[in-house]
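All ligand and atom numbering here is 1-based and tracks the order in the structure. Sequential numbering from 1 along the given sequence is applied to the chain's residues.
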Amino acid sequence: MVISLQSPLDMHLHLRDEEMLDIVTPLSAETFAGGLVMPNLVPPVTTKEAVCAYRERIARARGEYTFTPYMTLFFRSDYTPAFLEEVKEEILAVKLYPAGITTNSEGGVSGFEMDELAPALEAMSDLGIPLCVHGETGGFVMDREAEFMPIYERLATRFPNLKIVMEHITTKEAVAALDRFENLYATITLHHLYITLDEVAGGLLQPHLFCKPVAKRPEDREALLKTALAAHPKVMFGSDSAPHPREKKEAPGCAAGVFTAPLALQALAQLFDEHGKLENLQAFVSDNARRIYGITPPEKEVVLEKTPWLVPEIYEGTVVPMFAGQSLAWRVVSAA
Ligand code: NCD
Ligand code: ZN
């Protein structure tokens, strides 16, 4: 069996910088036509110059592959309307992190006082710049996303014309919010469709499956799966592929992040096939994002076939992928 995907998009992607950028960028660029690149570098991407310079570094790292890096800016409440207007043409979205909630988010937002956020968010709303949000509170780790839902609701209500993307949703509560607020959208990762907390910590601890937000309960995974398999028009694939060097993962104080970019399409094909929903994969990995963000990615046809493929144990001796050393049911035949 063979399927063909047109211009797959990864709408939540960490490409990092320096050596890691050089290792992982071609691994996304090989099979994806574009990706929404997260701004949580050290220091974070907060100026037009930094956005443009990072895009240049990505373009160098991608080599000959056809791949559009859609850029983001790290949200700060003190952005002025004039600054946002100036930077608008260089970015597709602005990403908001609660301070300290995940990797390299120390400069994020520390309170969700709507009046304090209003000038920047109103300007974004007027300029048509979407807001992507890492929606977790500082509460108990399993409850962080559910506890964040009232904040999503306040944002969605106060800024009705602002497109708000709930990034890497992990709970049935977030799925339910999609149908209650017109301006709420979501990305769903590969790993949250496959795993619950059991796969991370139910047996021997699996550091390569540890990420933020942590994988949740079976009923949450079911809700995500149902939404993704149906290619709900308000959800997009966003891998949240977040590479860390092996020594930062297989260590006390394991860094959060699952590296999935080079196997994402193969594993998605397997999942959609297992559930008899292959016909919805195109919408989930490309068409929904094109419509929601209003983008036209470069043309790229990716052909996959149902033939076992062994996921490498490690890439460039540095970064260990999800499913390392395991066999997936689908492989990429060609991408061009
Ligand atoms: C991401 C990273 O490593 O940058 N980590 C993760 O666990 N997902 C940051 C993020 O998206 O939260
Ligand atoms: Zn992320």
Number the atoms of ligand 1 from 1 as they appear, then name those within less than 4.0 Å of a heavy atom of H12, with their elements. 11 (O)

For F272, does the six-membered ring have the charged nitrogen or CZ of K277 within the cation-pi criterion, i.e. under 6.0 angstrom from the centroid and within 45° of the normal? no

Please name the pair of heavy atoms, one in P262 and one in Q266, separated by the smallest distance, quoted to 0.1 Å. O-NE2, 3.1 Å

Answer with yes or no after comparing the ring centroid distance for F74 and Y97 against a 6.0 Å cut-off, counting only values under it. yes

Starting from atom 8 (N) of ligand 1, which protein heavy atom do you reach first, and at what distance in Å? D240 OD2, 2.7 Å

Is it true that a side-chain atom of H12 and a backbone atom of S241 form a donor plus acceptor pair closer than 3.5 Å? no

With a 4.0 Å cut-off on N to O distance, would you call K172 and E219 a salt bridge? no

If I consider every N, O or S atom in D240, which one ends up closest to the Zn ion (ligand 2)? I only need its name. OD1

Proximity flag H244 to ligand 1, non-hydrogen atoms under 4.0 Å: yes

Flag the pair R180 and E153 as a salt bridge only when some basic side-chain nitrogen lies within less than 4.0 angstrom of an acidic carboxylate oxygen. yes

Can a cation-pi geometry be assigned to K163 and Y185, taking NZ or CZ under 6.0 Å from the six-membered ring centre and within 45° of the ring axis? yes

Counting from 1 in the order shown, the ligand 1 atoms closer than 4.0 Å to a non-hydrogen atom of C211 are 7 (O)

Please work out, at 4.0 Å between heavy atoms, whether the side chain, the backbone, both, or neither of E136 comes within that distance of ligand 1. neither

I'd like to know if K212 pairs up with E136 as an ion pair, taking the criterion as any Lys NZ or Arg NE/NH1/NH2 lying under 4.0 Å from an Asp or Glu carboxylate oxygen. no

Please list the nearest protein heavy atom to atom 12 (O) of ligand 1 with its residue and the distance rounded to 0.1 Å. T102 OG1, 2.7 Å

Backbone or side chain, does H14 get an N/O/S atom under 2.8 Å to the Zn ion (ligand 2)? yes

Looking only at distances, can you tell me whether any N or O atom of A242, backbone or side chain, sits closer than 3.5 Å to an N or O atom of ligand 1? no

Taking all non-hydrogen atoms of both residues, which atom of S77 and which atom of A120 are closest, and how far apart? O-CB, 3.9 Å

Nearest heavy atom to atom 2 (C) of ligand 1 wins, so pick from H134, R16, K248. R16

At what distance is the nearest protein heavy atom to atom 5 (N) of ligand 1, and which residue and atom is it? A256 O, 3.1 Å

Under 3.5 Å between some N or O of ligand 1 and some N or O of Y97? no

Pick from H191, E167, K212, H168: the one approaching atom 6 (C) of ligand 1 most closely through a non-hydrogen atom: K212

Taking both backbone and side-chain atoms into account, decide whether H12 has an N/O/S atom under 2.8 Å from the Zn ion (ligand 2). yes

Quick one: look at N104 and ligand 1, take heavy-atom pairs under 4.0 Å, and tell me if it's side chain, backbone, both or neither. neither

Can you confirm whether or not the ring centre of F323 sits under 6.0 Å from the ring centre of Y194? yes

